[in-house]
Amino acid sequence: MGISVEGANKCFGDFQALDDVSIEVPDGSLTALLGPSGSGKSTLLRAIAGLETLDAGRVLIDGEDVSRTPTQKREVGFVFQHYAAFKHMTVYENVGFGLKIRKWKKDKIRARVDELLNLVQLPGLADRYPSQLSGGQRQRMALARALAVQPQVLLLDEPFGALDAKVRKDLRTWLRNLHEEMNVTTIFVTHDQEEAMDVAGQLVVMNQGRVEQSGSADDLYEKPANEFVMSFVGEVNRLGDNFVRPHDIEIVRDRDDSTEEAMVQRIVALGFEIRVELVLGDGTEVWAQLTRGELQRLELQEGQIAYLRPVQAKSFNGAPPSDTSGASTPQGSADGGDAEVSAAV
Amino acid sequence: MEAHAAQSPAAPRSRPLRLPGVGAGLGRGVVVLWLSVIVLLPLAALLDKSLSEGLGHFWSQVTSPQAIQSLKLILVCSLIVVAINAVFGTIVAWLLVRDNFPGKSIVNAIIDLPFALPTIVASLILIELWGKNSPVGVDIALTRAAIVVALCFVTLPFVVRAVQPLLIEMDRDMEEAAASLGAGGFTIFRRIIFPNLLPGLAAGVALAFARALGEYGSVLLFAGGKKDTTVASILIGQQIEQGNESGAAAISIVLLAMALACLLVITLIQRWGSRHERSQVNLAANPVITGAAEEKDDQRE
Ligand SMILES: Nc1ncnc2c1ncn2[C@@H]1O[C@H](COP(=O)(O)OP(=O)(O)O)[C@@H](O)[C@H]1O
């Protein structure tokens, strides 16, 4: 079931949490709402679930306007960051809750709950209380509970936010596989761009209650619509009006027209990757990402002068960057608001 | 005890850290002494007094028609009162936590008034409201209804203050999760909210019951010590006036036993309430349950 939100507005007091937000989520997709904390992701997700009412705008599920439909009738599965486990009920009772409300027969509930506990890899824990489970197990129980009633759509609000890094990674892979298996339209909220890119096929980047851009991970990374998206979906250096990814900075030993002089300030080895921090003549700090091999070839030392060349820079303000080489801005030309420019080599 | 704990590193993590040595010993000594002076000695004296004229006398005192009638009366009234309190106390707590209305903080402060007010003053207020000169024209003074009203008044805070912290701490996500699973308002209350309030509610009810059993001042003035409105505590007062101290002590012992039974019930409820949690229901959050608070302080030392 596809989901669309049209012109959503929501204020809390005089704070505007959603500012004319429209998104389109295709049927069967796995979509991430990505953005810094406070950008309105949860509010949007909760509005889709009917846990928050919009001041203006519409929510459509499968083409049907559900803006006035109460949560109970929207047939959405919702998973909360802090699990929202019914702590006075066993795992079995938690997962079977929605079915019991729908007045299913005992044996049918039992069969369905067993099936789901297998699906979320919690067999044999049916009689435990949530307090006797780990965080990851609790979240999987919550997912089973949401899936039990066969929702039209699955909404996950920072589902891995409260878990530690290792469990997070595991669950991420697991969620992707689960989605492939179940094929329920799924939206999940995260502030972690790596998580979003890893799990989701489609991303919606939000900032200050607005949608900045949506598209695939590649789209966002390669063709960011603006400075915010560019810096949110990856590391970025600012060189005057231009933005350059650290792996798009080339370091060479000999100067020429396209290079800029810089001093190597620090070299940090992060396993295979090397982070080289440099200062330009005007004091701008940048960092470049090299491989171990590149570093060895260059024989870089801290404190040494090197020459760097942005391989690919982006400019978003429409103003053509200065092309005097050796100045604070790198070589390049821009032809529009989000022009992609390649440095002349 | 410390040595034992040191030998078994697998001891539960939840064990409070105990400082060995003089500090802890002194602390415990003070507590025991304090409890002895304040509670245990008077209790022993009371027990001694009640049995001073033998078991037979004790028995005849507590089974006299007068005594039985007064005990029955206070039991029935207390049961009615806690039933009313359970419902209204929960509603009041609910409004205080979940609702926003003008003057909420004032209402919140007023809830404790029955605690702060001398019971004599309480009964004067009640007589003004529900006595001969009642502004609403309802005169229930010196009737059994007056007992119930007086007891309701003095025990109102117990349930409110026991339920309130549980409501404040309750995870709203649970209710939203239930709603997304299709549960309507009533189902959410019955299956999600109520089970989570129950331990606090039950503890509040048990405390209110214990308090109602022994209430004296407000009942004396408002309901009077008439033949059909004499509750156990008032009978005790009458017996003392008549010089029958051992009789008074005997009835006191019965009241005391009932109050102790209430405390036992509270403890059991706490156990039960925490069956699915690692931490116990936090009764110490309730300022009226000083006993629990003292116990906690003791452990922290
Ligand atoms: N119920 C609420 N009352 C008041 N402010 C709220 C409420 N819910 C969210 N907000 C505010 O709205 C903003 C957006 O919140 P949220 O949608 O949770 O952001 P995100 O999920 O991106 O972190 C936040 O600044 C938050 O403080």
Side-chain angles (χ1 to χ4, degrees), chain A residues 42 45-46 48-52 69-91 93-104 127-133 138 141-158 162, chain B residues 10 12-15 90 94 98-100 102 162-163 165-204 268-283 285:
Chain A
S42 301
L45 194 75
R46 291 167 57 80
I48 295 171
L51 296 172
E52 213 76 76
T69 312
T71 305
Q72 284 86 348
K73 300 248 159 63
R74 288 200 193 183
E75 293 179 55
V76 296
F78 203 97
V79 172
F80 296 79
Q81 178 175 3
H82 298 287
Y83 327 124
F86 302 144
K87 52 184 200 276
H88 58 293
M89 296 184 193
T90 61
V91 170
E93 291 166 327
N94 264 279
V95 177
F97 184 83
L99 305 174
K100 196 164 170 186
I101 286 183
R102 284 167 179 69
K103 306 228 167 0
W104 279 36
D127 295 326
R128 297 238 187 131
Y129 283 101
S131 64
Q132 298 165 314
L133 302 180
R138 263 183 246 185
M141 177 196 84
L143 203 51
R145 182 176 71 183
L147 290 171
V149 294
Q150 287 170 314
Q152 302 190 55
V153 296
L154 187 58
L155 307 173
L156 309 139
D157 191 358
E158 299 248 4
Chain B
R13 274 176 303 164
S14 60
R15 271 182 68 94
T90 305
W94 181 271
R98 292 290 176 90
D99 209 7
N100 262 323
V163 169
L166 290 184
L167 262 179
I168 290 172
E169 278 167 30
M170 191 176 310
D171 185 6
R172 295 294 290 270
D173 289 355
M174 275 200 290
E175 293 161 51
E176 294 186 336
S180 75
L181 291 167
F186 179 70
T187 310
I188 293 176
F189 183 80
R190 191 165 69 96
R191 292 200 191 275
I192 308 292
I193 299 172
F194 187 70
N196 281 292
L197 293 186
L198 199 55
L201 179 62
L268 291 178
I269 289 168
Q270 268 183 284
R271 286 255 173 83
W272 170 82
S274 60
R275 74 199 181 285
H276 46 68
E277 272 177 55
R278 286 173 188 153
S279 62
Q280 293 226 321
V281 179
N282 189 6
L283 271 181

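As a basis for the values below, the full set of heavy atoms in this structure was taken, side chains included, without hydrogen atoms, waters or symmetry mates. Note on naming: letters A, B, ... go to the chains in the order of the sequence lines (proteins, then strands), and numbering restarts at 1 for each one.
Looking at E176(B) and F78(A), their side chains never come closer than 4.5 Å, going by heavy atoms from C-beta outward. Inter-residue side-chain proximity for I192(B) and F97(A) is flagged as met; some heavy-atom pair is nearer than 4.5 Å.
To the nearest 0.5 angstrom, H82(A) atom NE2 is 14.0 Å from M174(B) atom CE. Between the CG atom in D173(B) and the CG atom in D157(A) there is a gap of 8.5 Å [rounded to 0.5 Å]. Atoms CD and OG, on E75(A) and S180(B) in that order, are 11.5 Å from each other to the nearest 0.5 Å.
For A85(A), the part lying under 4.5 angstrom from a heavy atom of chain B is the backbone only. Neither the backbone nor the side chain of A142(A) comes within less than 4.5 Å of any heavy atom of chain B. Residue K100(A) touches chain B through its side chain alone, counting heavy-atom pairs closer than 4.5 Å. The parts of F86(A) that come within reach of chain B are both its backbone and its side chain, each placing non-hydrogen atoms under 4.5 angstrom from that chain. Within the 4.5 angstrom heavy-atom criterion, no atom of R172(B) approaches chain A.
With Q72(A) contributing its side chain and A183(B) its backbone, the two residues share a donor-acceptor pair below 3.5 Å. With hydrogens and angles disregarded, a donor-acceptor distance shorter than 3.5 Å links the side chain of H88(A) to the backbone of R191(B). A donor-acceptor pair under 3.5 Å is formed between the side chain of R102(A) and the backbone N or O of L181(B).
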